[in-house]
Each structure stands twice: as structure tokens, then as C-alpha cells.
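Below is one structure; the comments refer to it alone.
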There are 2 protein chains.
Amino acid sequence: MRPNLHTTGWPLNGEAGLATVMLLVANSDYDVAVTEATNSGAATVPSRRGRGDKSSPTIYDIAKLAGVNPSTVSRALSKPGRVSAKTQKIIEDAAEQLNYRVNPFARALPTGRTQTFGLIVADITNPTFFDIIRGAESTGSSRDYTLVLAESAESADTEVTASRRMLSTVDGLILASPRMDDEQIRALAADKPVVVINRDVDGVPCVVPDVTKGIGQAVRSLAANGHKQIAYVAGPAQSWMSARRWEGVQSASEWSKLGAVRVESSKPTVDGGRYVARDILDSGATAVITYNDLLAIGLMQELQAAGVRVPDQISIVGFDDIFGADFTTPPLTTVRSPLGECGSRAATLLLDMLHGNEGPSGAIHVDTELVVRGSSGRLLA
Amino acid sequence: MRPNLHTTGWPLNGEAGLATVMLLVANSDYDVAVTEATNSGAATVPSRRGRGDKSSPTIYDIAKLAGVNPSTVSRALSKPGRVSAKTQKIIEDAAEQLNYRVNPFARALPTGRTQTFGLIVADITNPTFFDIIRGAESTGSSRDYTLVLAESAESADTEVTASRRMLSTVDGLILASPRMDDEQIRALAADKPVVVINRDVDGVPCVVPDVTKGIGQAVRSLAANGHKQIAYVAGPAQSWMSARRWEGVQSASEWSKLGAVRVESSKPTVDGGRYVARDILDSGATAVITYNDLLAIGLMQELQAAGVRVPDQISIVGFDDIFGADFTTPPLTTVRSPLGECGSRAATLLLDMLHGNEGPSGAIHVDTELVVRGSSGRLLA
DNA sequence: CACAAACTGTCAACCGGTTGCCAAAAATTG
DNA sequence: CAATTTTTGGCAACCGGTTGACAGTTTGTG
């Protein structure tokens, strides 16, 4: 087997007020013995100057061992076909013998290429984004790219800041449910490849779940269960996707001859869901579709605490089908967004763009579907 | 206000079979106007300075503008006090005018310092680690450090691999619930500062929740509710913490004159919990303490599905108090580990070590406590 | 077989900072 | 005011790769 000569690099210093985390998923199996490094417990703290004894091998070491020029080594390891098969072999053997790993910093410096792409999400603690992250990460990793994540704390300004900063050290960027406006997104896209998830921005490649199908199923299901009036709990005001979902609810309700009202939430979290419980009761609706599952869970908890029976008195339908949506009692009925697929598609798109391919002109659509569980059903009231 | 001259760097290339994700949390508020850069497409500052209008300014640009040597710029920006206040001012002004950001790659190359520390967790999808990550990230960020995360997929080998790889590009390392053996950990610690969470390794600084208190409360509470026989659902075989919890359960049970049996789980997840339901019923225990909340949730779901009433017939107590533990019906009683605090303490410890302080000799202990919710109670059977 | 085209390896110039060493300048002291 | 110490800034050598230019070899073609 050909030795794997690449390695993984890392972020550097956090900016005050701008923290950084990086996640490294290791499912590898081959890698040369590591335990051997167990030298005497002379715990050498990396003292100020302490370079010394055990720095890792460089292409110069390989060059010396292989009897060639360092530039030849560099080419052998990164420009396939540029050197003869014979030299290639010699160099690879030497590299393996020395257990060589490229220094990512040294590599990034002259090239500017970082083998890295960014993903900006509104809130990392929101499980919704978890699948997107997973999806993007896995396709990224399968193509030797590293995913860099940033959170915008649901703020458009922070989002722009983080994106800008990221863009300078990343090869491309994925924006999941961006809150900034279209112009800002296009401005970013002018600098480096950008792909947007959960929103349709003209002139920028997008991956968007088509809510029509899922919402249609949900509304028809509610209508079939005797509901006449449904409420939609909206997400953040700047959320493009929240607007689409509300449109979907409206048009599906119209089709099914139901009334639909919109209720605003303070934030798209469990707490936010709790806070809208009263508004829901006041609205007179017997069925609720929420912008996301967290709102649905919070709402259900609060309603149940107030003695409202779910789904007998009020049916609740969430959105996204996040991890934990089935922890509740009754388990949550929800419109599943293929978030993992979105993340994965977006990453594929971006990586293709990084490799020279043009991005698609229109948005890529993926389907949503209703997952019926216990929180929705026939109206008994 | 003094301009912030630092910036954030990123990871580089993923290794085949070793994926990388990085999370960047932006809660910043100050930062020189960034939105301004987005209005007109070509609003790239005075740009005409060098040649290409797209590359970001370097210390050489600043040096030229300020009329000093690049090395002086370097010192002004990173070695406080090394240059005179006057020159310092001139340089800082020039830097701000050019909207300078250090190139993290260029900085890391000669110094080896990355302003980065690693955190290795067994499973990123496990919410248990979420708080640890959060805690470590936030203290890290407050001290201008970037957190790099890796997942070991519950495998000791992968863990060693990931740690080794990480160690080469990170200033220090935090191991959360490591699965590798003590020797391997000490070997890592010999290279660079290492802090361990959820395990006590001799000779290495550790942050460990003291399960005694929480488990004591849990067992006494169960005893007071009439239970005579309790079961412990164990976690992964290599988990040091799982062993400690089992010991805690045994000794507390002995003290309270209860019988205690141990049941093995296949994996510490919701599914793992479902799979042990039969074993639990067979064990004859009327109360269960699980290695973690996920197991408890899965177990409870499966038992309820089998018609077992919780807590009337069986009481269930989880461990950790993860996000979502209260989504269940009944909400989960659990022994809360101050995971966030562990992460935060570990980061503080590590950063102190990076700044020259010696690590503590013994392990740092943090308390656990019982959180009583609905899944435990009086035995009615 | 002569000549052009294709292939290979070397040289050297970066990429953008950092830092040891040294000398000029400033501050302190006798 | 001269001698000495302390500051301060400049020079240049890295850190570890990448890459354009170029020359020596091979290979291909007529």
C-alpha cells in the first residue's frame, strides 16, 4: 500500500471575542506505530526556544536520504506524474522510512491553498445543524478536505464578520441558513466559491429542501384528522427558510380549506417554544406546525404542563426531525428535512467548484417528507 | 481602542480516512467594520500599494508605510515593550490603516506555536461531550486559544492515532474520557502538555468528577423508595469512568444494604439502552442506574414499549444530565456531572501549563449531584 | 541518423512572519 | 562632559514547503 503522506493541519490563534473549535474525526486504521515515542519521562515543556532534538522530518531529510533535490521530493509528493516512477519510488520509500508528514503550515504559506472549507451555522447547540455538519464533514473528509465551522449566534452581523474572517484562510465556504442579505452573500461569493444551504440566493449555488411536499403531507394529514384552523410558529425574522415554510403552510392550508395563522417566536429554541404556548392557545388553532423541532418540543412541554392533551386537543408538527425528536411523549410528528444530504450535497458542490467545475445555475432541491409519530392526530376536543 | 491585530487560522488538509472539522464560535462585537468591505465588489482598501490588489497586507507593507524595518513591525505586534512607545504607535496606526491581520500560517511556521489546543472525545454525536466542548472552547477562546476537536469513535487505537497526529500541530491536548491506556497517555504527556478529563492517570493532570456524592444520593433515594435490588448498566469496557461508577454503585448499595448487579451494554447510546432492556428485566432489579443518559433513555423507551411502567415498576436513573434528558416522559432522573466545568477547568489547567506553570500533582475533583425528575420514585409493584 | 519534442531533476526565489546578534541612539552615571 | 549601560531598530538567517525557469536526458519522428 502506498504510504499516506498527507497530514492534517490546525487552526491557529483565536481572536479575542472570536473563539474557534475544530473537530477532527478519526476513523483511520493504518498509521505506523506510535507508542514507540515513549521516551524517558523527561517532560520537556516546549520551553521558549526548545526546538532541538525531536523535530519531525522534512522534505530536506528525505532529499538527503534519497539523494535528490528537495524540490524533487516536493514534486514527488504533491505533483503526481511530475517525476519518474523510479525516483518516485525511492522518495516514497524514504518518506515512509522517516515517517514523514508534510507540515501543513509550510505548505499553506506559499500556496494559499489550505485544503479546507468553511461552514457557517446560526447556532451550534441547535441539533438541526448537526446533520448538516455531519454530512458536509463526511463528504469533505472523503475528499481530503477539512471542515471549519463557525457559528453566527443568529446574528447577521456576526455572520458577516465570521464569514469574512474565515474566507481568508479557507478555500471555500458553505453557508447554512444564512441570516445576512443576498448582496452580502454575493460579495463573499465574488471572492471565493460559496454554496448556500436552506436558502435560494440568485447567482450563488444553493441546496434547498423543497418544503412543499412535506408541508403538503402535514397539512393534508391534519385536515384529514378534523382540524380546521392551524397555526404556524415562525422562526427568526431574517430566516429565509422560515418565510418559505410559512408560505408553504399558507398555500397548503388554502388548498385544504383550512385557516392558518402565524405566531411569532422569540427564538427558535425549546424555551422559545415554551413562550409561545399562550399565543397558540389564544390563537384558537387546534393544530400547530412549528418552524423547527425545538420549538415544537418546548411548545408541547408547556402545553402539557398547562393540562392540554397532545394530540387530543392540539396536534403538534415539528420541522426537521432532529436527534431527540422521538424522546418526547408522545413522540414528535415532524416534517423531515434531509439535512445530512443537504450538507453532503453542498460539500460536493463546493469541492467540485474548487476543482474547477462551474457551479450549477439554479438551486438544487431536495425533498422533505412527513414523519408521523404521536404528537399529531384526530381532534377529540 | 487598540486594534486587534490577531487573526484566526485554520486547519489544512485532511488525511484519507481522517476527517477534520473545526468549529468557530463568533460572539464578537468589536471588529473594525467588516460590512463595509461588502458593499461594492472592489472595495478592497487603498489596494494600489503593492501589486496585486487581492492579497492581504503584510508586515512588509506596514513597514514601508511606517518607515521602519519589518522586524520592528513584527516586534511591535507581538513582543510588547520591545519597541519604543512612539514607534509602536506609528506601527499600530499603519496596521490599522491597512486593516492588517497576521497570517497564522506564516506565524506558525517559524515558531511552532499555534495558539491551539486539542480535545479528543470518544464520540461527537454524544451530547455528553457537548458541554465539555463548550466549556473548553469558551475558556480557550477567552484566552485567545483555538480548540481543535477529534473523535476517536470509541476506539483506543483511533484515539492514539488522532492524538499523535494532533499533537504535532497543537500546543497542548485535552483527553476527555480517553480509552487508551495509562502508558500511552503518559507518552503523549511527555511530548506536550496534556490534561485528562474523566479519568485519573498518575503523573498527568486530571479533572475528574467525584461520583461518590451523586451516586450516594441516587442510591439512598432509591433505597428510601423501597427498592432492594438495583442494576448498573455499564458503559464501554475500556471506560475508566464506567468502572468508577460501578464501584460507586456497589459501595453505595452495600452501605444502603441493597443488592447490586452489573449489566453490560453493547454501546453507550440510545440503541445500546434498548438492547439491555431484556437483561434488566431478567436481572430482577427494580431500579437501574446507567452509565449515561443515552442508555437510560433507550432503556426507558424499550421498557415502556414492553408495557413496563416507569417509575412505578422500575426506576431509572441516568448519568450526566445531557441536553434532552428532560424531553422524555417521565423526565429523566439523573446524576449530573458538571461537564462544562470539567471542560473549562481542564482548559484553564492546560493553558496555565502552556504559559509555564506547573500542572497540579493530584487530580482535580468536581462534585456530582442527583437531579430528581420523574423517572425514579416509589416502587409500586 | 539528425533534430525536435517530451520528460526529469536542479536552482533559486519566494510565502510572511520570527528572532539572535549587532550597532546606533538614548539614558544614566561619575 | 566622558564613560557606561540600557534601549531600540536593522540585518539576515531561518521555518518547510512550492514553483517557474532552465538545462541535461530520453524519446519520438521523418
Side-chain angles (χ1 to χ4, degrees), chain A residues 5-7 9-10 12-13 46-52 54-64 66-91 94-95 98 100-115 168-169, chain B residues 5-7 9 12-13 49-52 54-64 66-91 94-95 98 100-115 168-169:
Chain A
L5 300 166
H6 297 275
T7 188
W10 279 262
L12 297 165
N13 71 357
S47 57
R48 9 213 342 165
R49 303 263 139 10
R51 197 88 187 95
K54 53 169 40 179
S55 59
S56 48
T58 71
I59 56 168
Y60 296 89
D61 299 322
I62 298 179
K64 213 182 308 171
V68 297
N69 189 284
S71 60
T72 305
V73 176
S74 172
R75 293 204 168 94
L77 301 185
S78 51
K79 294 256 180 338
R82 179 58 172 76
V83 301
S84 70
K86 205 180 86 216
T87 327
Q88 178 88 26
K89 176 79 169 65
I90 298 177
I91 290 176
L98 294 175
Y100 170 79
R101 318 258 118 173
V102 298
N103 178 327
F105 305 120
R107 169 119 83 190
L109 191 45
T111 60
R113 283 183 275 102
T114 58
Q115 287 288 81
S168 67
T169 24
Chain B
L5 300 167
H6 298 274
T7 188
L12 297 166
N13 72 356
R49 207 146 303 288
R51 40 329 198 241
K54 62 166 302 169
S55 63
S56 49
T58 72
I59 56 168
Y60 296 90
D61 298 324
I62 298 180
K64 213 182 311 170
V68 297
N69 189 285
S71 62
T72 306
V73 176
S74 173
R75 291 197 175 101
L77 301 185
S78 51
K79 294 251 175 353
R82 181 56 173 75
V83 302
S84 70
K86 205 180 86 217
T87 332
Q88 177 87 27
K89 176 78 168 64
I90 297 177
I91 291 175
L98 295 174
Y100 170 79
R101 318 259 121 173
V102 297
N103 178 327
F105 305 120
R107 169 117 88 190
L109 191 45
T111 61
R113 283 184 273 101
T114 58
Q115 286 289 83
S168 67
T169 22

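Residue numbers start from 1 in every chain, and the chains themselves are labelled A, B, ... in the order their sequence lines are given, proteins ahead of strands.
At whole-Å resolution of the value, NZ in Lys64(A) and P in dG16(D) are 12 Å apart. Put simply, CD1 on Ile91(A) is 12 Å from P on dT18(D), counting in whole angstrom units. Between the P atom of dT7(D) and the NZ atom of Lys86(B) lies a distance of 17 Å, rounded to the nearest Å. The CG-P distance, from Leu98(A) to dG17(D), rounds to 12 Å in whole Å. Between the C1' atom of dG17(C) and the CG atom of Asp61(B) lies a distance of 13 Å, rounded to the nearest Å. Note: CG (Asn103(B)) to P (dG17(D)) measures 17 Å, nearest angstrom. Between the CZ atom of Phe105(A) and the C1' atom of dT18(C) there is a distance of 15 Å, given to the nearest Å. As a whole-Å value, the separation of Ile59(A) CD1 from dG9(C) P is 15 Å.
Rounded to 10°, the angle separating the first-five-pair axis and the last-five-pair axis of the helix from dC1(C)-dG30(D) to dG30(C)-dC1(D) equals 30°.
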Using the side chain to side chain contact (heavy atoms under 4.5 Å, CB included) rule, take Asp61(B) and Tyr100(B) through it: C-alpha gap first, then chi angles, then the decisive distance, then the call. CA-CA 9 Å; Asp61(B) 298 324; Tyr100(B) 170 79; over 6 Å; no

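Within the structure, the salt bridge (charged side-chain N to carboxylate O under 4.0 Å, His left out) test picks out the following pairs touching residues 66-90 of chain A (sequence neighbours left out): Lys89(A)-Asp93(A).
Of the two residues contacting DNA chain D, namely Leu109(A) and Ala85(B), the nearest-nucleotide position lying further toward the 5' end is that of Ala85(B). Where Val83(B) and Thr58(A) each meet DNA chain D at their nearest nucleotide, the meeting point lying more 5' is that of Val83(B).
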Identify each atom pair where a protein N or O and an N or O of nucleotides 10-13 of chain C are less than 3.5 Å apart, giving names and distance.
| from | atom 1 | to | atom 2 | distance (Å) |
| --- | --- | --- | --- | --- |
| dT10(C) | OP2 | Asn69(A) | N | 2.7 |
| dT10(C) | OP2 | Thr72(A) | OG1 | 2.7 |
| dT10(C) | O4 | Arg75(A) | NH1 | 2.7 |
| dC11(C) | OP2 | Asn69(A) | ND2 | 2.8 |
| dC11(C) | N4 | Ser71(A) | OG | 3.2 |

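Close to dT19(C), at under 4.0 Å from its OP1 or OP2, lies a side-chain N or O of Lys79(B). Between Ser78(B) and the phosphate of dT18(C), there is a side-chain N or O to OP1/OP2 separation shorter than 4.0 Å. Neither OP1 nor OP2 of dC15(D) sits under 4.0 Å from any side-chain N or O of Thr111(B).
Nearest approach of Ile59(B) to Pro70(B), heavy atoms of both residues: CD1-O, 3.8 Å. Nearest heavy atom pair, residue Ser74(A) against residue Ser78(A), reads O-OG, 2.7 Å.
Among the nucleotides dG17(C), dT19(C), dT8(D), the one closest to the side chain of Ser84(B) is dT8(D).
Atom-to-atom distance recorded for Ile90(B):CD1 and Gln88(B):CD is 10.5 Å, nearest 0.5 angstrom.
Ser74(A) comes within 4.0 angstrom of a base, heavy atoms only.
With sequence neighbours left out, the side chain to side chain contact (heavy atoms under 4.5 Å, CB included) criterion links Ile91(B) to Ile62(B), Ala66(B), Val68(B), Thr72(B), Val73(B), Ala76(B), Leu77(B), Thr87(B). Considering only residues two or more places apart in sequence or on other chains, Ser71(A) meets the side-chain hydrogen bond (donor to acceptor under 3.5 Å, both in side chains) condition with Asn69(A).
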